Amino acid sequence: MGNIIVIGSASIDLVVKTDIIPEAGETVMGSSFFTTPGGKGANQAVAAARLSDQVYMIGAVGDDDYGQQILSNLKENNVDTQFMDVIDNESSGTAHITLYDNDNRIIVVPAANQYVTAERVLPKLAQFQAGDIILMQHEIPEETIEAVVDYAVQHQIKVMLNPAPYRKLQQDILDKVTWLTPNETESELLFDNQVDSALQSYPRKLIVTKGADGAVFFDGSLQKVPGFKKEVIDTTGAGDTFNGALAVALNDNKTLEKAVDFANLAGSFSVTGLGAQGAMPYRKDLD
Ligand code: RIB
């Protein structure tokens, strides 16, 4: 079993619950507010580390209180933080989240996450080997992802790219990654509404997640791996839980179908509590 190395964002989520979404120029009353650890990278690292040992995170925080909270939370969740940088005179990343009608709207301010550059990341990969799995998302600079993917190909390290939030993806990256895990919206944008043919073009590589309906991939025929229905409290972080758990299951050498099933189950737990990491499951929950 290899290592899982998450390269990505680590932020603090500032979450408002509301029954009314304001129009431009309007002020409304929310019902509650809380802050909680987030960032797609950190969420995926925590999801993986609750299910497996040997999860490393490569990322950056600011030299503020939020940065210390982010690092403490990663350590408490069994994530190895030796490769996390603290950036002088910079704020930590924040995500400004509105919870409304069982769904979320998110504005991300990357701040220190912009410092997750190829120059900082590549030297840290020297201790990892063929067979390890790198997990990345789109909340760090595109150049970093390109450089890491090239490094990984040269060193036979597998790469799972969760292309969230959506941004245009170079064909070269798509060709080189081992797995690509967009949700339905991202896959429509990435493949110009031709998702069915994209699934056939990238068998066992392209895995499209469909929330509570599970996930699909192509393997000679379309494989639909059903989801698990649970009472929804907060969907924030469900996709991150899926990705972290999928990396763990593939690292455990499960078949792709079994790995997706395991990830669907983990993702279904995560919607049952508040906050991106609040209800992420531990191994004993899934057993
Ligand atoms: O995927 C959920 C995450 O997206 C939140 O935790 C927030 O930080 C945003 O980055």
Side-chain angles (χ1 to χ4, degrees), residues 6-17 33-50 57-62 64 66-67 69-71 73-74 76-77 79 84 91-100 102-116 135-142 144-145 160-167 180-187 189 208-212 215 232-247 263-264 266-281:
V6 181
I7 305 173
S9 59
S11 303
I12 288 287
D13 292 352
L14 300 107
V15 188
V16 170
K17 281 186 85 179
F33 170 75
F34 60 94
T35 61
T36 189
K40 291 184 193 301
N43 291 344
Q44 294 183 15
V46 169
R50 286 189 184 177
M57 170 134 196
I58 300 179
V61 297
D64 51 6
Y66 281 167
Q69 284 178 39
I70 291 166
L71 293 177
N73 177 66
L74 288 170
E76 280 160 21
N77 279 286
V79 177
M84 290 293 293
S91 311
S92 296
T94 48
H96 304 258
I97 303 182
T98 306
L99 293 183
Y100 167 75
N102 271 350
D103 222 331
N104 57 44
R105 293 165 166 79
I106 305 180
I107 300 173
V108 171
V109 180
N113 293 310
Q114 295 175 97
Y115 291 78
V116 186
L135 178 52
M136 293 190 286
Q137 322 73 30
H138 275 176
E139 287 183 340
I140 55 171
E142 189 178 358
T144 309
I145 290 175
M160 183 183 298
L161 177 60
N162 173 223
Y166 168 76
R167 71 180 170 217
L180 186 79
T181 59
N183 66 18
E184 284 178 289
T185 312
E186 290 147 5
S187 56
L189 292 165
V208 177
T209 61
K210 293 171 168 272
V232 177
I233 303 291
D234 180 1
T235 58
T236 312
D240 297 330
T241 309
F242 176 95
N243 278 278
L246 185 64
N264 280 342
S268 76
F269 271 79
S270 84
V271 304
T272 62
L274 272 181
Q277 299 172 16
M280 280 176 178

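Ligands are counted one by one from 1 in listed order, and the atoms in each one are counted from 1 as well. In this text, all values refer to a predicted model and were calculated from it rather than measured experimentally.
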Find out whether T241 and P281 are in side-chain contact, i.e. whether some heavy atom of one side chain is under 4.5 Å from a heavy atom of the other.
yes
Is T236 close to ligand 1, meaning an N/O of one under 3.5 Å from an N/O of the other?
no
Would you mind reporting whether V46 and Q277 have side-chain heavy atoms less than 4.5 Å apart?
yes
If we only consider heavy atoms of G39, is any one of them less than 4.0 Å away from an atom in ligand 1?
yes
Protein heavy-atom partner closest to atom 6 (O) of ligand 1 - residue, atom, separation in Å:
D13 OD2, 2.6 Å
Name the closest protein heavy atom to atom 9 (C) of ligand 1, giving the residue it belongs to and the distance to 0.1 Å.
E139 OE2, 3.6 Å
Give yes if a backbone or side-chain nitrogen or oxygen of S11 is under 3.5 Å from a nitrogen or oxygen of ligand 1, and no if not.
no
Quick note on ligand 1: atoms under 4.0 Å from a heavy atom of A276 include exactly 6 (O)
Considering only heavy atoms from C-beta outward, does the side chain of I145 approach that of H138 to under 4.5 Å?
yes
Look up atom CD in Q44 and atom CE in M57, then write down how far apart they are to the nearest 0.5 Å.
9.0 Å
Quick one: CG on N73 to CD1 on I12, what's the gap to the nearest 0.5 Å?
7.5 Å
Can you tell me which residue and heavy atom of the protein come closest to atom 2 (C) of ligand 1, and the distance to 0.1 Å?
D240 OD2, 3.3 Å
Indicate whether the side chain of D64 and that of S92 have a donor and an acceptor atom separated by less than 3.5 Å.
yes
Starting from atom 4 (O) of ligand 1, which protein heavy atom do you reach first, and at what distance in Å?
K40 NZ, 3.2 Å
Atom indices of ligand 1 within 4.0 angstrom of A95 heavy atoms, with elements:
7 (C), 8 (O)
So does K40 get a backbone contact from the side chain of S9, meaning a donor-acceptor N/O pair under 3.5 Å?
yes
Looking only at protein heavy atoms, identify the closest one to atom 3 (C) of ligand 1 and say how far it is in Å.
N43 ND2, 3.6 Å
